[in-house]
Number of protein chains: 2
Amino acid sequence: MRELPLVECCRPISGPALSPEAAAELEQLFKALADRHRLQILNCLLQADGESVCVCDLEPLLGVKQPTVSHHLKQLVEAGLLEREKRGTYAYYRLRLGAIERIGDLLATPVITRAS
Amino acid sequence: MRELPLVECCRPISGPALSPEAAAELEQLFKALADRHRLQILNCLLQADGESVCVCDLEPLLGVKQPTVSHHLKQLVEAGLLEREKRGTYAYYRLRLGAIERIGDLLATPVITRAS
DNA sequence: CCATGGTATCGATGGACGTCGATGTGATCT
DNA sequence: AGATCACATCGACGTCCATCGATACCATGG
């Protein structure tokens, strides 16, 4: 039979544990970041200093075909990280303000870390 | 034929663009975070305030079977986020110092963001 | 030394995801 | 209007991954 272990295990999870719903939400955000091509897109947009970038320029940078680029851009938009703007036949994408900072905040605040 | 677009697109990518290798490395880290159960494990360990937690206590918390818990813990160890310590028949896991902070740093430093 | 209990590993299965050719859509130009 | 170009969507294919039952491993207890 089990008695008290050497160290107190995961206490009754007092306080604001990460709820399954909140965990699923965070999961979605990190999934959007968990792809090398999407990371390169974000890096490119960050270097663009807030300016917009069109799809045609990302294709040679990433080394994938155009449908794949569009696919990744859509993922990032749906994750709330990018904004889309159409000018003529071109589609321009830019970072949503504070998107990256929001991620950093999530790691530094009670959402994932302890309560205090 | 293409002429100059309305806004200068992704400039010749001057400076420290995220290399494919660096992007792949970052991808691995975010993949480790892109799962609700692994996020709950991290949250639990953060609440444990640096103390260790054994597998048996995570099983009911996550609502998955023991092999699945071990699988996720292994993922987190391989990602460099957790450390494993065996005491008797129990296996205890704890956060590697500065693991979470390192993630935050990645988002705030030139690795992903612009050079300056 | 055998039984037991906690964990790790293996193998199979079902679902999610990245990729790209083909096609659709909408705007620009002649 | 027809042609062309940029981009989005669709459908299919291959691969990766989370999950869990079965089993192996290992330390402890009787």
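By convention in this document, chain letters (A, B, ...) are assigned in the order of the sequence lines, proteins followed by strands, and residues within each chain are numbered from 1. None of the values given here were measured: they were computed from a predicted structure. Heavy-atom basis, side chains included; hydrogens, waters and symmetry copies ignored.
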Under 4.0 Å between any heavy atoms, over every strand shown, what does [X] touch: base, sugar-phosphate, or nothing? Just pick one.
X	answer
B:H71	base
A:E27	nothing
B:R36	nothing

Below 4.0 angstrom from OP1 or OP2 of [N], is there any side-chain N or O of [X]?
X	N	result
B:K31	D:dC17	yes
B:R84	C:dA8	yes
B:Y93	C:dT7	no
A:T89	C:dG26	no
B:H72	D:dT19	yes
B:R87	D:dA27	no
A:R38	C:dG18	yes
A:S70	D:dA8	yes

Shortest side-chain distance from A:K65, nucleotide among D:dA22, C:dC20, C:dT7: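 Nearest listed nucleotide: C:dC20.
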
Counting only side-chain heavy atoms from C-beta out, which of D:dC7, C:dT7, D:dC20 sits nearest to B:T68? D:dC20

What is the distance, to the nearest angstrom, from the [atom1] atom on [X] to the [atom2] atom on [N]?
X	N	atom1	atom2	result
A:H37	C:dC20	NE2	C1'	13 Å
B:Q66	D:dA18	CD	C1'	15 Å
A:Y92	D:dA6	OH	C1'	10 Å
B:L73	C:dA8	CG	P	7 Å
B:K74	D:dT19	NZ	P	16 Å
A:E85	D:dA6	CD	P	18 Å
B:F30	D:dC16	CZ	P	22 Å
A:Q75	C:dG18	CD	C1'	9 Å

DNA chain C: 5'-proximal contact among B:P67 and A:P67 (nearest heavy atom):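 Result of the comparison: B:P67.
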
Between the side chain of B:E27 and the main-chain N/O of A:D35, is any donor-acceptor distance below 3.5 Å?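 Not confirmed, B:E27 side chain does not pair with A:D35 backbone.
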
Counting neighbours of CD on B:E25 that are heavy atoms of other residues, nucleotides or ligands and sit closer than 6.0 Å, is the number greater than 12?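 12 or below, so no.
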
Between A:K65 and A:E59, is the closest basic N to carboxylate O distance under 4.0 Å? no

Stacked cation flag A:R84 on A:Y92, 6.0 angstrom / 45 deg: no

Shortest non-hydrogen contact between B:L81 and B:A32, atoms and distance: CD1-CB, 4.5 Å

Describe, in one word, how the ring planes of A:F30 and B:F30 are oriented to each other, choosing from parallel (under 30°), tilted (30 to 60°) and perpendicular (over 60°). parallel

